[in-house]
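Hydrogens, waters and symmetry mates are skipped; everything else that's a heavy atom, side chains included, is used. Quick caveat: nothing in here was measured; it's all calculated off a predicted structure.
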Amino acid sequence: MTIKNLAVGEIGLPSFNIVEGTDGDIFSFSSHQRARDALEFGLGIDDSHFNIFVLGGPRSGRLSSTVEFIETSAKTMKPAADWVYLNNFQRDAEPQPYALPAGIGYEFSKALAATINQLTAAMRDAFGGDEMKQQLQEAAAGRTSDIQGEVDALRETARSRGFDIIQTDEGTSIAAIDGDGNPVPPAKMSAEQQQAAQQYGPDLAQALTGIMAKAAENQAVLEQALDVMARDMLDQVCAPILDAMAEQYGSYPGLAGWFVEFRVDIVENYKVFLAETPSELPADMRPETRYAVNLLSDNRATAGAPVIVEPNPTYQNLFGQLQYRQSEQGYATDFTMIQPGALHRANGGVLVLRADTIAEAPAVWGYLKAALRDGEIRIEDPHRANSLPVAGAVRPAPVPLSLKVVMIAAPNWYYTFFASDPDFQTYFKIKADIDADMETSSGNVGEYSALIREVAVAVGAKGIDDDAIAFLLGLASRWAANRRRLSSQFERINDVIVEAHQASGGKNANITRDDVLQALANHHNRVSRIPSRMLDSIAEDTVMITTTGSAVGQVNALTVRDMGDTSFGMPSRVTARASVGRHGVVNIERDVALGGPIQQKGVMVLQG
């Protein structure tokens, strides 16, 4: 390589002509264009296997700017449905999911809760009214009058023979009585009473048993009749309320059949609405629980499709979980205690994950692949896999899954996943690659300048001077290690602007070039302890570096050290021993058996 003399202007920061940009969007950089095209294609294709992996260097906006780009794109996508879990009246332990248009899920949950309150008030008014009381009394009187007549006749017969029908804690029975009509204990019965008991007791007891059996039968018939009356009353009172709900929401998929079961279950369990102390009912039989709506995803405030960023993708955070409450019998749960995960909230939209956090939980990666493969979200309890099962625990039916997963990470994570998991390419077929730098075209310079201005205003400054912008562009070029390119690590420029505004005193004024220089000087001072101490060791001759004269077998070198937050060059001495060989010409290739016959012959001629 020939030596080339460089002028001062060719060594310092390059200068740029400031060009006004358009929208100041990072994804307008040419370094991001390939990733932008991949994201637009991936978000537009309707296939669960065409998920996206965004890879880029640090501070290139691979997370924040990608999420912003996705959120902008999602506003033009089809709105996602709300998902709710409703009680399965046929199988209480298997609640069913239902999809409703965006915003209808919340509306439906409030409407159903209000309906339950209306039904409770209507039933209590109906059963507490005079008409219902009169009907119940008439039905009961007709059934009890016959039994009471038979009891009175048997009592007369028993008394004529020295016995009576008495009521004790053990129930109704026949007992001997004294002259005053008081019961006589068996141990105190006279011989005459004992003889009468042996003679008349069995017949009287048999007759009483027959009457009691008939009374029980009548009671069952009475309760059945009262139940029919109650159902008729409920049909008259509750039908308008239930019909209104069914008419408003029954047209949504699956809800028409659910409303039929809902009506039947209310009639069969109407007594829970009349309980004087509802808190004493089992938790899953209380009306506000049994007929509740568990709203898993609520998109009423979402414009377009939802975009969910999950920073901690544990199983519970992704797939949801079943919560439990402690009761006297142990732990209990019901369908209202199903908690949604990020997959539920992002269903119909986009879920953004960091690949490094997924790599920390290999089991979660397996569950995520299964969800993408099967197209459904299953809520399980993996942490209870080795525990005793909870009696009555619900097993929610899976929720159909349709979303786009975007994983974001540094390039090494992409190739780690690609190399270690053969299924990775099956589910993440789109690679959105952010380049480390870009050419210094007018378009890139204009977008860079626009972004710098936007950041300056965002941090509280009035603006930023053009010479400060030109200096920052030169700094980005230096970070790219190429005068004809700019680094795509715009977030580093963002940090410099924040520090420059602070260096200016936080005033509502333009950030100047001097403010930027002061910010860089402050940053250098904070991270320069180690290089300063190393320079001190040279100045104090602890590390000996000779800068004048000449020496055999010794040269000075420059070692570049990277400490993470800073990198710097330090001079080093490189020495070597030099001496005349003891064996003349040494044929290294022959000694290590590398050279061929022709080469060996030539070297041996020199040796001879």
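For the pair Lys404 (side chain) and Ile45 (backbone), a donor-acceptor distance under 3.5 Å is present. Between the side chain of Arg124 and the backbone N or O of Ala275 there is at least one donor-acceptor pair closer than 3.5 Å. Checking side-chain atoms of Ser487 against main-chain N and O of Asp437 turns up no donor-acceptor pair under 3.5 Å. Looking only at distances, a side-chain donor or acceptor of Trp258 sits under 3.5 Å from a matching main-chain atom of Asn87. A donor-acceptor pair under 3.5 Å is formed between the side chain of Asn51 and the backbone N or O of Val405. Between the side chain of Asn294 and the main chain of Ile338, a donor-acceptor pair closer than 3.5 Å is present. Using modelled atom types, one side-chain atom of His32 and one backbone atom of Ser60 make a donor-acceptor pair closer than 3.5 Å. Between the side chain of Gln33 and the backbone N or O of Ser28, no donor-acceptor pair lies under 3.5 Å. Using modelled atom types, no side-chain atom of Asp565 and backbone atom of Val527 make a donor-acceptor pair closer than 3.5 Å. Between the Thr302 side chain and the Gly304 main chain, no donor and acceptor come within less than 3.5 Å of each other.
For the salt bridge (charged side-chain N to carboxylate O under 4.0 Å, His left out) test, no residue two or more places apart in sequence or in another chain qualifies with Arg529. For Asp435, there are no side chain to side chain donor-acceptor pair (under 3.5 Å) partners at least two apart in sequence or on another chain. For Glu376, the side chain to side chain donor-acceptor pair (under 3.5 Å) partners are Arg378, not counting sequence neighbours. A search for side chain to side chain donor-acceptor pair (under 3.5 Å) contacts involving Asn312 returns nothing, not counting sequence neighbours. Arg561 is linked by a side chain to side chain donor-acceptor pair (under 3.5 Å) to nothing, counting only residues two or more places apart in sequence or in another chain. In this structure, Lys110 has no salt bridge (charged side-chain N to carboxylate O under 4.0 Å, His left out) partners at least two apart in sequence or on a different chain.
Under the 4.5 Å side-chain criterion, counting only non-hydrogen atoms from C-beta, Leu403 is not in contact with Val350. Contact annotation: the side chain of Glu380 approaches that of Tyr367 to within less than 4.5 Å [non-hydrogen atoms, C-beta and beyond]. Contact annotation: the side chain of Met123 approaches that of Ile266 to within less than 4.5 Å [non-hydrogen atoms, C-beta and beyond]. Using a 4.5 Å heavy-atom cutoff, the side chains of Pro398 and Ile377 are not in contact. The shortest distance between side-chain heavy atoms of Met563 and Ile530 falls below 4.5 Å. Proximity of Asp82 to Phe108: side-chain heavy atoms (C-beta onward) are nowhere separated by under 4.5 Å. Using a 4.5 Å heavy-atom threshold, the side chains of Leu119 and Leu242 count as touching.
Residue pairs that meet the salt bridge (charged side-chain N to carboxylate O under 4.0 Å, His left out) test with at least one member in residues 42-52, sequence neighbours left out, do not exist here. Here salt bridge (charged side-chain N to carboxylate O under 4.0 Å, His left out) pairs that include residues 96-105, with residues two or more places apart or in two chains, number zero. Listed by first and then second residue, the salt bridge (charged side-chain N to carboxylate O under 4.0 Å, His left out) pairs that reach into residues 61-76 come to none, sequence neighbours excluded.
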Test log, rule side-chain contact (heavy atoms from CB on, under 4.5 Å), inputs Tyr291 and Leu86: CA-CA 8 Å; Tyr291 308 110; Leu86 298 177; over 6 Å; no
Arg36/Asp25 under salt bridge (Lys or Arg N to Asp or Glu O under 4.0 Å): CA gap, chis, key distance, verdict: CA-CA 11 Å; Arg36 180 191 186 106; Asp25 180 11; 3.3 Å; yes
From CA spacing to verdict: side chain to side chain donor-acceptor pair (under 3.5 Å), Asn317, Thr314: CA-CA 5 Å; Asn317 289 348; Thr314 62; 3.3 Å; yes
Full working for side-chain contact (heavy atoms from CB on, under 4.5 Å) between Val84 and Leu296: CA-CA 5 Å; Val84 300; Leu296 292 179; over 6 Å; no
Intermediate values then yes/no, side chain to side chain donor-acceptor pair (under 3.5 Å), Glu491 and Ser64: CA-CA 10 Å; Glu491 292 179 2; Ser64 58; 3.0 Å; yes
Derivation and outcome, side-chain contact (heavy atoms from CB on, under 4.5 Å), residues Trp83 and Tyr98: CA-CA 6 Å; Trp83 282 96; Tyr98 295 88; 5.7 Å; no
Step-by-step side-chain contact (heavy atoms from CB on, under 4.5 Å) determination, Leu372 to Thr426: CA-CA 10 Å; Leu372 295 175; Thr426 302; over 6 Å; no
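Ala346 and Leu351 make their closest contact through CB-CB, 3.9 Å (heavy atoms, listed as atom of the first residue, atom of the second, distance). The two residues Asn299 and Arg345 have their closest heavy-atom pair at OD1-O, 4.4 Å. Across Ile241 and Thr115, no two heavy atoms sit closer than the pair CG2-CG2, 3.7 Å. Residue Met285 comes nearest to Asn269 through the heavy atom pair CE-OD1, 3.5 Å, listed as atom of the first residue, atom of the second, then distance. Summarising the geometry of Ala80 relative to Pro306, their closest heavy-atom pair is CB-CD, 3.4 Å, with the distance given to 0.1 Å. Nearest heavy atom pair, residue Gly105 against residue Leu100, reads CA-CD1, 3.8 Å.
Aromatic ring centres of Phe50 and Tyr427 lie farther apart than the 6.0 Å criterion allows.
The OG atom of Ser297 sits 11.5 Å away from atom CG of Leu343, with the distance rounded to the nearest 0.5 Å. Once rounded to the nearest 0.5 Å, the distance linking CD1 of Ile26 with OG of Ser65 reads 3.0 Å.
Taking the charged nitrogens against the carboxylate oxygens, Arg34 and Asp433 have no contact shorter than 4.0 Å, which rules out a salt bridge. Look at Arg290 and Asp92 and you find a salt bridge, because one of the NZ, NE, NH1 or NH2 atoms lies within 4.0 Å of a carboxylate O, short of that distance.
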In a table with atom names and distances, give each donor-acceptor pair under 3.5 Å that connects a side chain of residues 406-417 to protein atoms at least two apart or in another chain.
from: Tyr415; atom 1: OH; to: Lys431; atom 2: NZ; distance (Å): 3.1
from: Thr416; atom 1: OG1; to: Asn412; atom 2: O; distance (Å): 2.7

Under 3.5 Å, side-chain donor or acceptor atoms of residues 354-366 against the rest of the protein: list the pairs with distances, not counting sequence neighbours.
from: Arg354; atom 1: NE; to: Asp356; atom 2: OD1; distance (Å): 3.4
from: Arg354; atom 1: NH2; to: Asp356; atom 2: OD2; distance (Å): 2.8
from: Thr357; atom 1: OG1; to: Arg354; atom 2: O; distance (Å): 2.6
from: Trp365; atom 1: NE1; to: Asp421; atom 2: OD2; distance (Å): 2.5

Could you give the side-chain donor-acceptor pairs of residues 243-252 under 3.5 Å, partners two or more places apart or in another chain?
from: Asp243; atom 1: OD1; to: Arg263; atom 2: NH2; distance (Å): 2.3
from: Tyr249; atom 1: OH; to: Glu107; atom 2: OE2; distance (Å): 3.0

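For the side chain to side chain contact (heavy atoms under 4.5 Å, CB included) test with Ile493, the passing option among Val455, Ile452, Leu451 is Ile452; the others fail.
Gln425 CD: 12 or fewer foreign heavy atoms inside a 6.0 Å radius.
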